[in-house]
Amino acid sequence: MTRTELVTLLARQIEAWHEGDGALGVMVVRLQRVREFGQFYGYAAADALGEAAYARISSVLRPQDTVVRVGLYEYVVMLPGLRGDNHAALAGARVVRAFESPVPVGQRTAPIAVKVGISVYPDHGRNAERLLHNAETAYGASLHDSDDSALYDAEGTPPLIPYESLQQAIAANRLDVHLQPMMDLRTRRIVAVESLARWHDEQLGWVAPDRFIPLAEETGLISPLTRWSLNATLRHAARARAIDPDLCFSINLSPRVFGERDLVAQVTSALGIWNIPASAVTLEVTESALMEDPKLSLRRLEDLRMEGLGISIDDFGAGYSSLAYLKFFPATELKIDRGFIVDLRDDRRSIQLVRSIVDLGHHLKMRVVAEGVEDAESLAMLAEMGCDCAQGYYIQRPQPADDFIDSLQPATEPASPLH
Ligand code: C2E
Ligand code: CA
Ligand code: CA
């Protein structure tokens, strides 16, 4: 059955629903780790396995439940007349348990695991699309859950951000720049600030960048967002550097924009407009993102570096280790992932790791920055290890750019000799 047919079928069940009928459950079931089965035994055997699993699922459900096979190893089940969430969860558990013994397929038997996601009408959605979407979300949660079956959790899932809201917020310049300082661990002076995007929406309230940046990346809005971020940050940079001419700025760059031909021109023209030297700006790129397309990343980073910009490898150590590539990337800075820094005080392995990363960065002639520093003890340890800079709540939380700039003191003149 196609997805459209499925949606139609489910919509019909919803239409026929009456108050007092009980809840209507929608369950997504997928067999796990079965791809090899088809590769080994061929399509006919794979299809037979899919059919056998269909029969197995049907065998543990009630006569009024409808099981639909929507893919080779995928099923959607409609469960009318449920007595509530627990009843729905019970159906999920029954399906999981049905696969405790291997499934016979022709001459063979296949050990099969399944994962199940369930949503319930009317609580988890008022139409077929939303119910299916939420059952998929629950399925996604089941992948990380030892229970193998998950019920949609309306409270645990923040509301979706409508694409149009973000698009309009970017277009209308309604995002804000917050700045968080980085401290030089030798001089204890603030030498740079990182620009972090903030969004306050009338309906949604404060939306964290961890939610809207991925949305922007998935939908292509990351291009206008990057243009906004470059211009808005450099506008603040111009004002800040009028007070402290040595202050440097770090801007996060999503590698999703590396595909854009005019990226380098965008950056240099923004620098020109605000009259900021390229050497005062560092672009932060996350390590794992670099690895998605190392060749393209390398080319773009080289172009940007040639223009004189600094390049920082953000969240270093959190992603796939790319030590082999590290020596090729024209990076000027390594930013150690927060995850290592929070453990510094209590975990000896983290101490060793951070020490090694500091040495590694220095051997490669990079500045090393620790982020996520939350206490004095960690700061002292990092200084002792020779880490160059630190950033984190202990030094200062990110704050609105204007507030930060208003608090800036002009760099003190060297004390003039008394005589
Ligand atoms: P990031 O680049 O790793 O930014 C550092 C994050 O750590 C920020 O979260 C910051 O508020 C937080 N942080 C700073 N000090 C501490 C600390 O001591 N403890 C803890 N627990 N956290 C600390 P934020 O602002 O929520 O940003 C999250 C991520 O969103 C950023 O991670 C960055 O990847 C992305 N992002 C933010 N603004 C932009 C932007 O303008 N463009 C792009 N492409 N990405 C952005
Ligand atoms: Ca960053
Ligand atoms: Ca980071």
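Every number for a ligand or one of its atoms is a count from 1 in the order of the listing. The figures here come from the full heavy-atom set of this structure, side chains too, leaving out hydrogens, waters and symmetry mates. Just so we're clear, the structure is a prediction, and the values are computed from it rather than from any experiment.
Given atom 15 (N) of ligand 1, the protein heavy atom at minimum distance is Gln180 NE2, 2.9 Å. In this structure, the protein non-hydrogen atom closest to atom 11 (O) of ligand 1 is Pro398 CG, 3.4 Å. Among all non-hydrogen protein atoms, the one lying nearest atom 42 (N) of ligand 1 is Asn252 O, 3.7 Å. The protein atom (non-hydrogen) at minimum distance from atom 41 (O) of ligand 1 is Ala197 CB, 3.5 Å. The shortest contact between atom 30 (O) of ligand 1 and any protein heavy atom is with Pro209 CB, 3.5 Å. Nearest protein neighbour of atom 7 (O) of ligand 1, counting heavy atoms only, is Arg338 NH1, 2.6 Å. Atom 29 (C) of ligand 1 has its closest protein heavy atom at Asp210 OD1, 3.4 Å.
Taking only nitrogen or oxygen atoms, main chain and side chain alike, Glu374 reaches within less than 3.5 Å of ligand 1. Note: an N/O pair closer than 3.5 Å links Arg198 and ligand 1 by distance alone. Close N/O approach between Leu196 and ligand 1 is not found [any backbone or side-chain N/O within under 3.5 Å].
Around the CD atom of Glu202, the shell of radius 6.0 Å holds no more than 12 heavy atoms that belong to other residues, nucleotides or ligands. More than 12 heavy atoms of other residues, nucleotides or ligands lie within 6.0 Å of CZ in Arg239, so this atom counts as buried by the packing criterion.
Side chains of Leu221 and Leu215 form no contact here, defined as non-hydrogen atoms less than 4.5 Å apart. Under the 4.5 Å side-chain criterion, counting only non-hydrogen atoms from C-beta, Glu333 is not in contact with Ile313. Contact of the Leu179 side chain with the Asp403 side chain is not registered, since no non-hydrogen atoms from C-beta on lie closer than 4.5 Å. Using a 4.5 Å heavy-atom cutoff, the side chains of Ile170 and Trp199 are not in contact. With contacts defined as side-chain heavy-atom distances shorter than 4.5 Å, the pair Asp123/Tyr152 does not qualify.
Glu194 contributes atom OE2 as its closest N/O/S atom to the Ca ion (ligand 2). Checked against the Ca ion (ligand 3), the N, O or S atom of Glu371 at the shortest distance is OE2. Among the heteroatoms counted here (N, O or S) of Asp314, OD2 is the one nearest to the Ca ion (ligand 2).
Contacts of Asp315 with ligand 1, taken as heavy-atom pairs under 4.0 Å, involve the side chain alone. Residue contacts with ligand 1 for Glu371 involve side-chain atoms from C-beta outward but no N, CA, C or O (heavy atoms, distance under 4.0 Å). Under 4.0 angstrom from ligand 1, the non-hydrogen atoms of Ser229 all belong to its side chain. With a 4.0 Å heavy-atom cut-off, ligand 1 is reached by the side chain of Ile213 but not by its N, CA, C or O. The side chain of Asp314, and not its backbone, has at least one atom closer than 4.0 Å to an atom of ligand 1 (non-hydrogen atoms only; side chain from C-beta on). Contacts with ligand 1 closer than 4.0 Å are made by no heavy atom of Gln391, backbone or side chain.
Interatomic distance, Thr219 OG1 to Glu164 CD, rounded to the nearest 0.5 Å: 10.0 Å. Rounding to the nearest 0.5 angstrom, the gap separating the CZ atom in Arg186 from the CG atom in Asp388 is 5.0 Å. Between Ile251 atom CD1 and Ser312 atom OG the span is 12.5 Å, to the nearest 0.5 Å.
Note on Asp315: not counted as a metal contact of the Ca ion (ligand 2), no N/O/S atom lying under 3.0 Å. Among the backbone and side-chain atoms of Ser250, no N/O/S atom is found under 3.0 Å from the Ca ion (ligand 2).
Of all heavy-atom pairs between Ala370 and Leu382, the closest is CB-CD1, 3.6 Å.
Judged by distance alone, with hydrogens and angles left aside, the side-chain atoms of Ser142 form no donor-acceptor pair with the main-chain N or O of Ala150 at under 3.5 Å. With hydrogens and angles disregarded, a donor-acceptor distance shorter than 3.5 Å links the side chain of Arg241 to the backbone of Leu247.
Within the 4.0 Å heavy-atom cutoff, Ala208 does not count among the residues contacting ligand 1. Within the 4.0 Å heavy-atom cutoff, Glu194 counts among the residues contacting ligand 1. Taking 4.0 Å as the cut-off, His178 does not count as a neighbour of ligand 1 on heavy-atom distance.
For atom 13 (N) of ligand 1, the candidate residues are Phe212, Trp228, Tyr393, Trp199; the nearest heavy-atom contact is made by Tyr393.
For atom 34 (O) of ligand 1, the nearest protein heavy atom is 4.0 Å or more away. Put simply, atom 18 (O) of ligand 1 has protein non-hydrogen atoms near it, under 4.0 Å away.
Checked options Gln180, Lys335, His178; the residue passing with Glu194 is Lys335 (criterion: side-chain hydrogen bond (donor to acceptor under 3.5 Å, both in side chains)).
Listed by atom number, the atoms of ligand 1 under 4.0 Å from Gly392 heavy atoms are 15 (N), 18 (O).
Angle OE1 (Glu284) to the Ca ion (ligand 2) to OD1 (Asn252): 90°, rounded to 10°.
Using a 4.0 Å cut-off between charged nitrogen and carboxylate oxygen, Arg338 and Glu374 do not count as a salt-bridge pair.
A perpendicular orientation is assigned to the rings of Trp206 and His200, their planes being inclined by more than 60° (bins at 30° and 60°).
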